[in-house]
Each structure stands twice: as C-alpha cells, then as structure tokens.
Number of protein chains: 4
Amino acid sequence: MGETQKRAAILAAASRLFAEKGYGNTPTSEIAREAGVAEGTLYHHFGSKDGIFLTIFDETADGYVAGAESLVREGRPGADTLRDFIGFHFDYLGRHATQFLIILRDFPERISGEKTGPAAFRRKKFSRLTSLLSEILDRGAADGTLRLRHPARDTAEMLRGILYGTTRHKMLGIIDVPLPRLATMITDFCGQALSPTPETCGKRPGGGRR
Amino acid sequence: MGETQKRAAILAAASRLFAEKGYGNTPTSEIAREAGVAEGTLYHHFGSKDGIFLTIFDETADGYVAGAESLVREGRPGADTLRDFIGFHFDYLGRHATQFLIILRDFPERISGEKTGPAAFRRKKFSRLTSLLSEILDRGAADGTLRLRHPARDTAEMLRGILYGTTRHKMLGIIDVPLPRLATMITDFCGQALSPTPETCGKRPGGGRR
Amino acid sequence: MGETQKRAAILAAASRLFAEKGYGNTPTSEIAREAGVAEGTLYHHFGSKDGIFLTIFDETADGYVAGAESLVREGRPGADTLRDFIGFHFDYLGRHATQFLIILRDFPERISGEKTGPAAFRRKKFSRLTSLLSEILDRGAADGTLRLRHPARDTAEMLRGILYGTTRHKMLGIIDVPLPRLATMITDFCGQALSPTPETCGKRPGGGRR
Amino acid sequence: MGETQKRAAILAAASRLFAEKGYGNTPTSEIAREAGVAEGTLYHHFGSKDGIFLTIFDETADGYVAGAESLVREGRPGADTLRDFIGFHFDYLGRHATQFLIILRDFPERISGEKTGPAAFRRKKFSRLTSLLSEILDRGAADGTLRLRHPARDTAEMLRGILYGTTRHKMLGIIDVPLPRLATMITDFCGQALSPTPETCGKRPGGGRR
DNA sequence: AATGAATGAGAATTCATTCAT
DNA sequence: GATGAATGAATTCTCATTCAT
C-alpha cells in the first residue's frame, strides 16, 4: 500500500490539474508539488508527462468500453439496449467526471498522430463504440424495435458524435441541464428519432428495465 | 494593398498551420516563415499570437452567427427554420472547413478562462446560438410544427451539443459520412425527434425550401 | 559586423570551454555566460548544442582537408608529397590547436552513429584523408621514391592512425616534445620506414622543397 | 559464489554497454537491468558509476602493463624486445577488445583532471608504457640493434602515440586491416624506421621469436 | 547483501515577445 | 510598416545517488 501511495497521489493531482487547466497548461512541476512528491518521482512511475495522461485515459476508457460491451452482450432488444447504452454513458460520466473532462479536453490532441503504435491503439478503444452502437442499431432493425432511415454504421457514427458533443458541452458548462435530466432528454430524443411506428411516438413499448 | 497582402498571407499561413497541427504546436516562427514575412511583422499586424487566433475566430464566428441570425429573422415556421438552421450550419462548415477545424481544436482552450473581457465576449458569440435555437423551438411549439418534450432552452442546449459533436467528429475524420449526407441525416434525426404528430412520423410536413 | 559579433563570441567561448572541459562537461548555460549572451541566442544561431560543435568541426575540418587536397594536387614526387603532408598536418594543427583538441576529444563521439545523414557526411571528410594518403603512396611507389611493403590502402590507413595518435597525445600533453620537433621526428620516422633504397637510409634524395 | 555472481554480472553488462554506447550514454539503470540486479546493488559493489569504470580499467590496464613489464624484463636485445612489445600489444588487444574499446572511448575523459589522487594514479599506469618503451630503445641503441635519430624518451612518446592511434582506429573500424596483419605492418614499419644499418633495410636481422 | 522507490540538482531546448535599426 | 537578432523564463526530462526496508 505504501508503495502505491505516491503513485496514486500523482494521479489524483494530475487529474485535478488537467481537468482544471488542461494538459498543456499544467507543468509537471505543479503536479509534483500538488502531489507532494519530487518531480523525478513522476518519471519514476510514469516515464513521461504523456504517460500520466495515458494512464488516466486508459483507466477511464477501459472501464467505459468494458461496461458498454457487457451491456450490449446482454442481448436485450435493440431499443432497450440503446436506452441502456445512453443511460450507462451518462451514469459512467457522472462517476468519472474529472477524468472525462480531461479526455474531452485533450483527446484527440494527445492521442492523435501516428497511424500505428500506442496512439492508434488508444484511438481504437473509442472506435469500438461505433461498432457497438452499430450492432445495437442492427439488432433493433432486426427485432423491429428501431427504425433506421440510414445505414446502421452511419447512424452509429452520428450517435457517437451526438453523445460526444452533449457530453462535452455538459462537462464544460455550456449545457446547464443537470446530468440525469440530460440523460433522459437524450434518451427521449434518440428514442423518438428512431421510433419504429407512428403510434408509439412519444411512448415506450413494453417495460424497459430502466 | 501591399500592406494588406502580408496581413492576408499571415492569416492564410496561420489558418493552415493551426488546422494542421493545432494552435499550441504552431510556433510563431513557423507562421512567419510560411507566410514569407519576418516574425516581427506578425506583431505589427496582430499584436500577439493570440491576436492571430482571435482574428481567425472572429471572422469565422461572426459570419456564422450573422448567417444564423438572418435565417431566424426570416420568420418561417419553426420546423422549417430548424431545418434551414441545420442546413446552413453544415453548408457554412463546408465553406470554412479549415477555420472550423481550428476553432474545434482550440476552442475553448483559447477562449475560456476569465469571466469578463475579450474571452468572455467571444464565448458569448457562440452562446448566441443557444438563444437562436431556443427561439426556433419556441416558435415551432407555438405554430405547432414542433413538439417539445422538455423546456425549449434545455432542448436548445442539447441541439447545440449535437451539432457540435457531429461537426467535430466529421472534421476529425471520426465520422466518414460525406458532409451533405451527414446534414440530411441530422436534419431527419432531429425532425423525427421533434415531430409534432404521430401521423407525420417519418414524413416531412409541407415543402421545406431546402 | 555587429550582427556577427555575438555569433563569433559564442564560437570563441564554446571552443575554449569544449577544449578545456570537453563537450559533455560544458553546459550551454556556461557557454552563454562566457560569451556574454542569453542562452536563447545560442539556439538562435546554431539550433542546438550539437550545432555549435559541428560548426567548429566543419570550419576546422574543411580547411584541413582542403589544404591536404591542394597539396596532393601539386603533383610533386611521392616522398616529397608525403613529407609535405606531414609537415602541413602539424603546421595546421599548430594554427588550430584549440579546435583540434575539441575534435580529438569528442570525435567520433559526436559524429559517429547513423550510417547516413549529416553525421556520416562529416565522417567522410576525414575518410578523405585515407584516400589522399593512399594516392601519395601509390605515386611514390610508381616514381620510385617510396617503397611499400604492404598494399597502399592499408598503409594509408595505418599512417592516418599514426598521425591521429601522435597528434592526440601531443594535444593532451602525453607527448612533451615541441610541435615542430615532433613533426620532424614523424617525418623522419615515416621517411625511414618507407625509404626505397638501402643506400639512402637516413638521407633524403634530391632537394625537397621543405 | 552467489555474492560474486552479481558482481561479475554487473561488470559484464557494464563492459558491453560502455563499449557499445560509451560511458556517458549508459545510465546506471540500464546496467542494472542488463545485469539482472537492482540499481542499489551497483552501489554496494562499486560505490559509484565511476567505480565500475575504474574496476574495468584497472583490470585491463594492470594486466597489460604487467605483461609489458615482464616482457621487457626478459632482457632480450632491443630490436627483438620492441618487436615483442608490439606483438604483445596487439595480441592483448585482441583478447580484451571490449575493454580496450571502453578505455579508448572514455580515457582520458574519466581519468584526466586532478593532478593527484586516484585519477592521477591511473594515468601513471599508462605513462609507465613510455618508460618501458624508452628502456627498450635505450637497450637497442646500446646493443646496436636499433638506431635512434632522436632522444629515446621522445621516440618512446612517439611510439606510444603510434600504437594508440592505430589501435583506436582499428577498434573504431576506421582501419579495416585484420588485427594480425596490422600488427605485422606496424612491426615492419617501426623496424624499418629504427633499423640500424643500411644493409639491413628491408630485412630482419637474426631470428626474432615471433 | 539486496532492493527499488524516491530524490533533486541540472541539462537542453522552446518560443512568444521585444526593440533597435 | 518591416525586420530579425536577441531575449530569458519556463518546461520536460535525465540520472547518479541515497536509504528505509
């Protein structure tokens, strides 16, 4: 435990500062000071300033993608899964607000670039989301709970953009709506937009779990 | 003309470089070299590196906001105006792709911060969008062409986030769909989501101009 | 003149310090202080610490190789040219003692490495010496003024090593003999070793210019 | 044995790395990693990074000087002893190539400096070579097997420089000639240069051992 | 003897900005 | 208006060494 103490302090300090001022405006000297360690200790544990960012990124992104994956694997109907997905997204966002803010601020700046290597590997984590959304839409089209007016893949890309944009604006304070209500609003919005039958406009068919 | 020539060369070089590498990764020395002027000349014309960014920002943002304003002022029905708004957004985006990329990359990094002063002034330019969207939604609710399930202001904030996110992902290559089709998809998506009557689900009422 | 002043001061300070303490033990901060300029000025003029070294290297090496080349191009008999070569070497050394010391200390550390690029380009400057020596030996073998017991190329490599080693030890104070006498000693030594006829051992045939 | 094992592993790793990348470019962390020990262990055994270098230096230099000393003590004629000396030098070099490379790269950087203390003590080890060569030359002048055209001490210094330079260029790949042939070439070269009688130019007097 | 986390004093380099010409 | 040499504060990163366990 003692050996992990400083490492954790560094991550905590870096998370706070990155979220507050942005990656580029946070000197390593300040991270060290806030964490109460020597500057060298940062490099002992993370190798570079980028290494700190990527550790935060990985921990947050891995949990997020894993949660989304398991949710899709449950095999519930398309519309329900989509609703669950959006719910999960904003729930996870609420529980990892600081880290999300960091990633939203500095991704893809920190992650873009080379076509291969660790950066590309990390980009793929999020591109997994498009695949998952695409799968959900396909499922919904097949089981009749969703109606697609455009190819599933394209719609999935659009949905990912929608989630990204509303999330970012929420985290940056451009959207004032409280998180739970925002989640509901977007769930409703997407539900309406992809609703399969005129009759069910505005109503949810069957009893969704959530 | 000679004096304006260099100014224009600087803006052109800076636009290209900011879009390509980001504001933070573009040294003023490189802007000067690419523009074929001395570094000091940058400061004669723009006062600071930030001044260059803000000039680009202002020119793009002002045109955008002005276009949106005039569009709303036309006074057409809510649903039509919303459709026009989205169409205008992606149209303008296509015509100012480089500048949008710059703003997407470095806003709000460059613009955030102080509660007052020039930064706050610039933030307000975009917050005007929320007001315009809100006005459109109110009008649509009043004239019966849109159906709101949540307060207009909140929905407007959400819509602005949706436009932001899809735009950003398109500009960064995360969305592959061609720009005109993306515009159509989002128009459809929002149209469905805010459609006033069950019967018209999936159909567009009346003949929109676009 | 005024614009070159600081550049020259930097080269002078760097030369002195590199010779005195070695490249690796000379911080750029000290070069700047000794030259009476800001540290940034070093980078304005030379781009990097290595750039300073390479500037010194190039100026010295180019003059040296050019002098050697022109000497060989005079077309005098092999033995005379070899004598001239050695004489020129130690003469040039005496006139550029500081720079030679630097190169001797930190070449090939600074210059070795990549197979191509600027480093390889610089290594080739000195490898030209082997070619020149080889040419001299061939000429001497052809005109009968030198007697080779081994291939000219191999002997040339050896001679270059001999010059290098004695030069280095002289510059580092391991050899105490004054420079002009050292030059004579080595001229005699090589002359004897490559002397073509038993009768002339210890005597020089004809009247060499030098 | 277990305690000696790690010590040996450290020396082996350090030798390889120093030879490959140079002392200054080899972090202690890498030595530890390559040796499979903790970084602290280096300091238990050698006290400092310099201590590792000096241990390698001492072991190599001591063996070399001892070999040279015993060779001179055999009391053979001057010319034969000189021939033996050169032969021994390149033989020893071949058997300790890695260590020689290290010393060639980083001596006198590591060893120069103070006039007294351990550094000076180590420098003296090699200055012993000059004395030995001087003794050989004196002996050859006395027994008529060598002919000196300059003071023995000065010639000895020159010879040491010759051996150093050819050795260094061989180790750095500047000389391509295989080691045994290089030894023969230098033996011949020096033999000719110091040959006592005109008649024997080009021939070796008597039967040298080697 | 062995470990390896922690240190902190440097080191090279970057770059927006200034100002004398 | 235009120049570009000069600046120096700030920043990331290196690494030999220490010390509690």
Side-chain angles (χ1 to χ4, degrees), chain A residues 2-7 9-10 24-32 35-52, chain B residues 2-7 10 23-33 36-52, chain C residues 2-7 9-10 24-32 35-52, chain D residues 2-7 10 23-33 36-52:
Chain A
E3 59 186 71
T4 312
Q5 221 160 250
K6 300 221 165 181
R7 198 190 130 97
I10 291 165
N25 300 320
T26 305
T28 52
S29 58
E30 194 170 351
I31 300 172
V37 303
E39 211 170 340
T41 309
L42 267 55
Y43 291 86
H44 180 65
H45 284 293
F46 302 100
S48 68
K49 189 185 174 187
D50 251 70
I52 300 174
Chain B
E3 62 187 70
T4 306
Q5 221 160 249
K6 300 217 166 186
R7 196 189 131 96
I10 291 166
Y23 179 90
N25 300 319
T26 304
T28 52
S29 58
E30 195 171 350
I31 299 173
R33 179 160 25 87
V37 303
E39 217 168 336
T41 309
L42 266 54
Y43 289 83
H44 269 288
H45 285 292
F46 301 100
S48 69
K49 189 186 174 188
D50 253 70
I52 300 173
Chain C
E3 60 186 70
T4 312
Q5 221 159 251
K6 301 221 166 185
R7 198 190 129 98
I10 291 166
N25 300 318
T26 305
T28 52
S29 59
E30 194 171 351
I31 299 173
V37 303
E39 211 169 338
T41 309
L42 267 54
Y43 291 85
H44 179 65
H45 284 294
F46 301 100
S48 69
K49 189 186 174 188
D50 251 69
I52 300 175
Chain D
E3 63 186 70
T4 305
Q5 223 160 246
K6 299 217 166 182
R7 198 189 128 97
I10 292 167
Y23 179 90
N25 300 320
T26 304
T28 51
S29 59
E30 197 172 349
I31 299 173
R33 179 159 26 86
V37 304
E39 217 168 337
T41 309
L42 267 52
Y43 289 83
H44 268 288
H45 284 293
F46 301 100
S48 70
K49 188 187 176 189
D50 253 69
I52 300 174

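Below, chains carry the letters A, B, ... as their sequence lines are ordered, and counting in each starts from 1.
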Kindly compute the distance separating NE2 (B:His44) from NZ (B:Lys6), expressed to the nearest 0.5 Å. 11.0 Å

Tell me, for nucleotides 11-18 of chain F in 5' to 3' order, what letter each nucleotide earns: B for a base near a protein heavy atom under 4.0 Å, S for only sugar-phosphate near one, - for neither? SBBBSBBB

Which pair of heavy atoms, one from A:Ala35 and one from A:Ala9, lies closest together, and at what distance? CB-O, 3.6 Å

Partners of B:Tyr23 by ring pair (Phe, Tyr, Trp, His ring centres under 6.0 Å), sequence neighbours excluded? B:Phe18, B:Phe53

Specify the closest pair of heavy atoms between C:Ala32 and C:Glu39, including all atoms of both residues, with the distance to one decimal. CB-CA, 3.7 Å

How long is the straight-line distance from CD1 of A:Ile52 back to CD1 of A:Ile31, given to the nearest 0.5 Å? 4.5 Å

D:Ile31 CD1 to E:dA2 C1', in whole Å, measures 17 Å

F:dA5 C1' sits how many Å from C:Ile10 CD1, rounded? 11 Å

Distance check needed: F:dG1 P versus B:Gln5 CD, whole Å only. 15 Å

Euclidean distance, atom CZ of residue D:Phe46 to atom P of E:dA1 [Å, nearest integer]: 12 Å

Residue pair C:Lys49 / C:Tyr43: nearest heavy atoms and the distance that separates them: N-CE2, 4.1 Å

Would you sketch DNA chain E in dot-bracket for me? Only Watson-Crick or G-U wobble pairs with both distances under 3.5 Å count, crossing pairs as [ ], other-strand pairs as |, the rest as dots. .||||||||||||||||||||

Choose from F:dA6, E:dT3, F:dT3 the nucleotide whose nearest atom is closest to any side-chain atom of B:Lys6. F:dT3

Atom OG1 of B:Thr28 and atom CD1 of B:Ile10: how far apart are they, to the nearest 0.5 Å? 11.0 Å

Atom-to-atom span, CG of B:Leu42 to C1' of E:dC19 - whole angstrom: 16 Å

